[in-house]
Amino acid sequence: MKKKYLYISFGFILVSLLLIGCGQSHSDTSSDWELTPHDTVNQLENMNMTIKKGTVSKTGLTVVFQNHSDKDYLYGEFFSLEKKIDGEWYEVPVIFEGEYGFNMIGYDLAANSEQEWSIEWDWLYGPLDVGEYRIIKDILEVKEPGDYQEYILAAEFSIES
């Protein structure tokens, strides 16, 4: 009789572990991954941010800003990465331990101009796995000191093998 309960208990534990394992089928949706806070991106008219062809690697890329407006804008070194998982954008978890920051510098993006900006993220995110990603950048329209409008730009890219 004791053996019967032992087998039943063992079977219950085994089935429970299998169910828990099946519920976590996609490692990218672990507790470290959070949905994007950016519901709206690329809403700035006459402004594009694209990925420069041939620059994507697992640890960095180059974006191209194309300002087709008559306004000047500013952007900084801050960026974030997101990965598309099951049709939703999730923030890529930071691997850097401790506190980190970005240089507080403003790069001028003049009216009717194009500018490239290269970034290496391995220090912050490590090398990326295969998948669909996007880089997020903020850009500012400065009206006068202390008065500005912030816009969020996104450019999608893929990491393949």
Side-chain angles (χ1 to χ4, degrees), residues 21 23-161:
Q24 297 173 349
S25 62
H26 201 300
S27 63
D28 288 340
T29 57
S30 70
S31 62
D32 291 342
W33 292 75
E34 296 183 19
L35 279 170
T36 180
H38 306 293
D39 294 330
T40 306
V41 297
N42 299 329
Q43 296 296 306
L44 182 55
E45 285 188 39
N46 300 313
M47 175 69 68
N48 296 319
M49 182 176 75
T50 58
I51 305 299
K52 184 176 180 180
K53 192 172 187 163
T55 65
V56 175
S57 75
K58 292 182 177 191
T59 60
L61 54 71
T62 299
V63 296
V64 178
F65 295 104
Q66 297 168 321
N67 182 358
H68 299 290
S69 76
D70 59 353
K71 298 178 182 176
D72 293 343
Y73 293 93
L74 287 175
Y75 66 94
E77 292 190 357
F78 173 79
F79 71 97
S80 63
L81 295 179
E82 297 180 348
K83 184 175 185 180
K84 189 182 273 188
I85 302 170
D86 298 328
E88 298 281 344
W89 288 108
Y90 287 84
E91 295 179 306
V92 175
V94 171
I95 64 164
F96 189 89
E97 293 186 23
E99 304 230 356
Y100 68 91
F102 295 88
N103 292 325
M104 295 299 293
I105 187 168
Y107 297 108
D108 184 44
L109 182 58
N112 297 302
S113 70
E114 184 174 294
Q115 193 168 348
E116 294 182 3
W117 182 72
S118 297
I119 183 64
E120 293 290 326
W121 56 67
D122 54 332
W123 66 275
L124 187 58
Y125 296 104
L128 300 180
D129 294 329
V130 171
E132 294 179 58
Y133 293 88
R134 68 181 182 178
I135 185 168
I136 303 290
K137 292 278 302 155
D138 58 342
I139 192 162
L140 304 177
E141 175 188 356
V142 179
K143 299 171 184 180
E144 58 184 65
D147 182 16
Y148 61 89
Q149 176 69 43
E150 179 184 48
Y151 298 93
I152 303 297
L153 301 179
E156 295 183 23
F157 62 97
S158 293
I159 300 292
E160 301 171 3
S161 56

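Just so it is clear, the model here is predicted, and its values are computed rather than measured.
- A 4.5 Å side-chain heavy-atom check between Thr55 and Phe157 finds every atom pair outside the cut-off.
- For the pair Val63 and Ile51, the minimum side-chain heavy-atom distance is below 4.5 Å.
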Can you give me every donor-acceptor pair (side chain of residues 105-117, partner residue at least two apart or in another chain, under 3.5 Å) with its distance?
unit_1, atom_1, unit_2, atom_2, d
Tyr107, OH, Glu77, OE2, 2.7
Asn112, ND2, Ser69, O, 3.3
Ser113, OG, Ala110, N, 3.4
Ser113, OG, Ala110, O, 2.5
Glu114, OE1, Gln66, NE2, 3.3
Gln115, NE2, Tyr75, OH, 3.2
Glu116, OE1, Lys52, NZ, 3.2
Glu116, OE2, Lys52, NZ, 3.2

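- Proximity of Trp33 to Val92: side-chain heavy atoms (C-beta onward) are separated by under 4.5 Å at one or more points.
- Using cut-offs of 30° and 60° on the angle between ring planes, the pair Phe79 and Trp121 is tilted.
- For Pro37 against Glu82, the heavy-atom pair with the smallest separation is CD-OE2, 4.1 Å.
- For Tyr148, there are no ring-ring contact (aromatic ring centres under 6.0 Å, His included) partners, not counting sequence neighbours.
- Rounding to the nearest 0.5 angstrom, the gap separating the CG atom in Leu153 from the CZ atom in Arg134 is 11.0 Å.
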List the atom pairs, with distances to 0.1 Å, where a side-chain N or O of residues 40-47 and a protein N or O form a donor-acceptor pair under 3.5 Å, not counting sequence neighbours.
unit_1, atom_1, unit_2, atom_2, d
Asn42, OD1, Ala154, N, 2.9
Asn42, ND2, Ala154, O, 3.1
Gln43, NE2, Val41, O, 3.3

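- For the pair Lys137 (side chain) and Gly76 (backbone), a donor-acceptor distance under 3.5 Å is present.
- Under a cut-off of 6.0 angstrom, the local environment of NZ in Lys84 is crowded, with over 12 non-hydrogen atoms contributed by other residues, nucleotides or ligands.
- Exactly one of Asp129, Leu128, Ile159 qualifies for a side-chain contact (heavy atoms from CB on, under 4.5 Å) with Lys83. That residue is Asp129.
- Atoms CD and OG1, on Glu120 and Thr62 in that order, are 8.0 Å from each other to the nearest 0.5 Å.
- Going from atom OG1 of Thr59 over to atom CG of Leu124 covers 12.5 Å, rounded to the nearest 0.5 Å.
- Between atom CD1 of residue Ile135 and atom CD of residue Glu156 there is a gap of 12.5 Å, rounded to the nearest 0.5 Å.
- Tyr133 OH to Tyr90 OH: the interatomic distance, rounded to the nearest 0.5 Å, is 14.0 Å.
- Taking OH of Tyr125 as the start and CD1 of Ile95 as the end, the distance is 10.5 Å to the nearest 0.5 Å.
- Under the 3.5 Å distance criterion, the side-chain polar atoms of Ser158 are left unmatched by any main-chain donor or acceptor of Glu160.
- In this structure, Tyr100 and Trp123 have side chains that are in contact, with non-hydrogen atoms separated by less than 4.5 Å.
- Environment of NZ in Lys53: sparse, with no more than 12 heavy atoms of neighbouring residues, nucleotides or ligands closer than 6.0 Å.
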